[in-house]
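Order of appearance sets the numbers: ligands from 1, and atoms from 1 within every ligand.
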Amino acid sequence: MLAHMLQTHSILVEPPQPQSAVLPYPQYPVFQEEDRSMVVVMRTEATEAHIEGVLERLHEHALKGHLVRGEERTIIGVVGAMIPPTLREEMEHFPGVAHTIRITQPYKLAAREFRPHDTVVDVRGIPVGGGACVVIAGPCTVESEAQIVQTAHAVREAGATMLRGGAFKPRTSPYAFRGLGEEGLRLLALARSETGLPVVTEVMTPTDVDLVARYADVLQIGARNMQNYQLLEEVGRTGVPVLLKRGMSATIDEWLLSAEYIIAQGNPNVILCERGIRTFETATRNTMDINAIAVVKKRSHLPIIADPSHGTGKWYLVPSVALAAIAAGADGLIIEAHPDPDRAVSDGGQSLTLENFAALMPKIAAVAAAIERSIAVPLELEVA
Ligand code: PEP
Ligand code: MN
C-alpha cells in the first residue's frame with residue numbers, strides 16, 4: 001500500500017526542469033574574448049588632429065586611449081571594460097589610422113603586442129631593461145646606520161648598481177621585527193648620499209606611498225602585496241619606478257595584470273621581479289621559476305629581474321640561481337647581502353656575506369658578457 005502511494009505521488013510530482021531551459025535569453029550583449037582588447041596603429045603621416053579624433057571617438061564609447069608615441073608612429077591602446085564588436089571596423093576607416101591589432105592577452109598596456117620594443121625604465125639615469133643588467137644588493141632589513149652604510153660601500157665597491165633595504169617589512173609572523181619605518185628610509189637616503197647608489201625599498205600600504213616615495217628611487221611591491229590593487233593604483237599615480245614582485249602563488253598572467261593596474265594609472269615605469277613561487281618542493285624556500293623570465297620576455301615589453309635570495313632561501317644556492325637567471329635573459333638581479341648574516345634580523349640564512357657578494361659579481365659579469373650583455377654602472381661611478 002505504501003509502495004503504491006509513493007508511486008502515485010511520484011507520478012504527480014513534475015521532474016525538475018533544467019535551469020537553462022527556463023532562463024530568458026540574456027539581455028546584455030555578448031562579447032567575444034578577442035573583442036576585449038585592441039590597439040590602434042596610426043599612420044606615419046597621421047596628424048595630432050587625427051589622434052585627437054580617435055581619442056574622442058573612443059571617449060564616445062566610454063573607452064580611454066593610452067598613447068605610445070614611437071619615433072615613426074603613434075599607437076593607441078584602447079582601455080576600458082568592454083569594446084563594442086563594431087569598433088575595430090569603425091577604427092580601420094578612421095582618418096589617420098593604419099590598422100588595428102587585436103590583443104589576445106587579458107592585459108594590454110603590459111603586452112608586447114601593444115609595445116613591441118623593450119621598455120627601459122630610468123632610475124636616476126640608470127637604464128633598467130636595456131643592454132646592461134642591473135645588480136641591486138643590500139640587506140633584507142635596514143637595521144642601523146652602521147649596517148646600511150657599510151653594506152652600501154661594500155656592494156658599490158663590488159660593482160652593484162643599486163642598494164636595497166626594507167624599512168617597512170612584511171613579516172609572516174606578527175611578532176617578528178617589522179622594520180625601522182621612516183628612520184629606515186632616512187638611513188637609506190644617507191647611504192645613497194654617501195655612495196651614489198639609488199635606493200630600492202618596499203612600500204606596504206597606500207597611505208605610506210607619499211612618504212616612501214619621498215626617499216626611494218624605486219618603490220618595491222612585495223610578493224604578499226602583488227594583488228593589493230589599491231596599493232598598485234597608488235604607486236601608479238606617483239610616476240616613480242616600481243619593482244613589482246611576483247606573488248608566491250600568482251600565475252604570470254595575474255602578475256602582468258597587476259602591472260597593468262600600475263601602468264593604467266599613468267606610470268609606465270614597472271620592473272617585474274621573479275622571486276620564486278610556492279610548489280610541493282621543500283628543499284628550498286621557494287622554487288625559482290626561471291621559465292617565467294623567458295615567458296615574460298615573450299609576452300611583455302617590461303623589464304624583468306630575478307631575486308635568487310627569496311627564490312632559494314639559502315645563501316649557498318644564491319650564486320648558481322643568480323647566474324641561471326642572467327643566462328635566461330633577466331635584466332638584472334636583486335640579492336640580499338649583509339655584513340653579518342648570522343646576526344641579521346631577517347633572512348640571514350639567505351643573505352650573502354659582503355665577501356661572498358663581491359666574489360659573485362665577476363661571475364655575473366662573465367655570464368652577462370657571454371650573452372652579449374654587461375652590468376650597468378651608477379652614473380656617479382662612471383664619472384669618477
Ligand atoms: C624582501 O625583498 O625582503 C621581501 C620581503 O621579498 P618578497 O616580497 O619577495 O617576499
Ligand atoms: Mn627578505
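In this structure, the protein non-hydrogen atom closest to atom 8 (O) of ligand 1 is Ala223 N, 2.7 Å. In this structure, atom 6 (O) of ligand 1 lies nearest to the protein heavy atom Lys245 NZ, 3.0 Å. Arg275 NH2, 2.8 Å is the protein heavy atom nearest to atom 10 (O) of ligand 1.
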Could you go through His301 and Thr119, starting from their C-alpha distance and side-chain angles, then the distance that decides it, and tell me whether this counts as side chain to side chain donor-acceptor pair (under 3.5 Å)?
CA-CA 5 Å; His301 51 83; Thr119 283; 2.7 Å; yes

Under the criterion side-chain contact (heavy atoms from CB on, under 4.5 Å), I'd like the reasoning laid out for Val78 against Val39: C-alpha separation, chi angles, the key distance, then a yes or no.
CA-CA 6 Å; Val78 180; Val39 163; over 6 Å; no

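Comparing heavy-atom distances from atom 1 (C) of ligand 1 across Glu202, Gln350, His310 singles out His310 as nearest.
Counting heavy atoms from C-beta on, the side chains of Lys363 and Pro319 never come closer than 4.5 Å. Here the side chains of Leu190 and Glu145 are in contact, with some heavy-atom distance below 4.5 Å.
Between Glu260 and Lys108 no salt bridge is recorded (no basic side-chain N to carboxylate O distance below 4.0 Å).
Remark: of the listed residues Asp307, Asp253, Asp289, Asp289 is the sole one forming a salt bridge (charged side-chain N to carboxylate O under 4.0 Å, His left out) with Arg246.
Residue Asp347 places no N or O, backbone or side chain, under 3.5 Å from any N or O of ligand 1. For ligand 1, the polar-atom distance check finds no N/O of Asp307 at less than 3.5 Å from any of the ligand's N/O atoms.
Residue contact check for ligand 1: Met248 places no non-hydrogen atom closer than 4.0 Å to it. Taking 4.0 Å as the cut-off, Arg246 does not count as a neighbour of ligand 1 on heavy-atom distance.
Per residue Asp347, closest N, O or S atom to the Mn ion (ligand 2): atom name OD2. Sorting the N, O or S atoms of Glu336 by how far they are from the Mn ion (ligand 2) puts OE2 first.
Arg88 and Thr100 are linked by a side-chain donor-acceptor pair at a separation below 3.5 angstrom, with hydrogens and angles left out of the test. For the residue pair Gln105 / Arg299, no side-chain donor-acceptor distance below 3.5 Å is found, with atom types taken as modelled. Judged purely by distance below 3.5 Å, without hydrogens or angles, the side chains of His338 and Asp347 never pair a donor atom with an acceptor atom.
Close approach of ligand 1 to Gly222 is summarised as follows: ligand atoms under 4.0 Å from at least one heavy atom of the residue are 8 (O). Heavy-atom contacts of Arg164 reach the following atoms of ligand 1: 1 (C), 2 (O), 3 (O) (cutoff under 4.0 Å). For ligand 1, the atoms closer than 4.0 angstrom to any heavy atom of Lys169 are 1 (C), 3 (O), 5 (C). Near Cys140, meaning under 4.0 Å from one of its heavy atoms, ligand 1 places the atoms 3 (O).
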